[in-house]
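Taking it in order: structure first as structure tokens, then the write-up.
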Amino acid sequence: MRQLHIPMAALVCSVWLVPMTPAAAASPCMVVTLTGTQSGPALFNGLAGAGTLVRFGDDDNDCGTVKLQFDAGRGTNMRLSQSGVTPAQLNAIFFTHMHSDHTEGFADIIQMRWNYNSTGPKLDVVCSADAESPLGFTISCRKLATHVGDAFLQSGEIAQRRAEDKRRLAGGPADLANVITFVPPNEPQIVWSSGDVKVTAIRSTHIAGHASFRVDTPAGSVVIGGDAGSDVVAPPRASSTSEQVERLAQGVDIIVHSTMHPVMGPDRGSGMPPPVFYRQSGTADLGAMARRVGAKHLMLTHLAPSLGAERHGPYKVPGGPLTAADYRKVVEASGFTGNTVVGTDLASIRLPAK
Ligand SMILES: [Zn+2]
């Protein structure tokens, strides 16, 4: 009888210990980081090109179980390194569209993965299927991925590095890309998932093949609009924002979206061609959309013009450089009362907040 009591006591102890320790430690979390906030192909003050890193995990691994990169403009790899993320750690990279300010950092990322992690898993590259532009050519994410290493194949770099380490794949970095394409739908559609993390996409208007994404995790959700604008490409129209993105963003926690400040408008003398101005979502309209969908956070990125810039590419900023307050004022006037982040490189939001 005495011997029987000892194991029972041990059992009671373990029942106490097992549920308490992991439950307290494994609280899910998500971090959204702007890896670049430059708008368009121009360079300004060291800003990286457009991109957003979404991390999901729990307190034990610094929200780092899943790491997803959305767009990869110039310098994305540098910003990832400042966030402690290596190319090998990315589970997938998503592209909203094929403009170079969203894609030119891709080669850097996948080349480095090829250098050091050729034996590791391929990188999922998730983007639109080939899209015919009404202007008479094809926009092809698949070709971007297939030919991403061509310059280095031609220069002999791939052969040289492979001679140094035969584990590197013969075809260069393209051999490490697992391209997953979808035809951008008018209703949200799942395009990628892993465990509790689900990524949906929707068609949106900017250039042919543009798509916007939403990530849902147990810790929260984020919409990455990219450069989406209204299907009605110029006024008169209800809003410069995309109706599809608004559907995608219903009830979302965070919206990350490119924006165009009203100061660049055709009525203000910046010299920016009206179609370039109108194909982006205006700052006031984004604030109004964020309010309508009930978002808690609006992260403005891909700011046109950049904070502190005299010019936006070739175009003058009428009235002189803008501050974060100039963007914030426009959002506040729209009636959005949530948290507005006027994007700077590496600005982050963690859910839940620490
Ligand atoms: Zn862009």
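Just so it is clear, the model here is predicted, and its values are computed rather than measured. In each ligand, atom 1 is the first atom listed, and ligand 1 is the first ligand listed.
- Checked by atom type, the side-chain pair D130/T138 shows no donor-acceptor distance below 3.5 Å.
- Counted by atom type alone, S258 and D227 present one or more donor-acceptor pairs between their side chains at under 3.5 Å.
- No hydrogens or angles considered: a donor-acceptor pair under 3.5 Å links the side chains of Q69 and T35.
- Ring orientation note: the planes of Y327 and H261 are nearly perpendicular, at an angle over 60° on the 30°/60° scale.
- For the 3.5 Å distance criterion, the side chains of T33 and R55 qualify, holding a donor opposite an acceptor.
- A donor atom on one side chain and an acceptor atom on the other are found under 3.5 Å apart for T283 and T259.
- Listed by chain and residue number, the protein N/O/S atoms under 2.8 Å of the Zn ion (ligand 1) are D101 OD2, H102 NE2, D227 OD2, H302 NE2, with waters left out.
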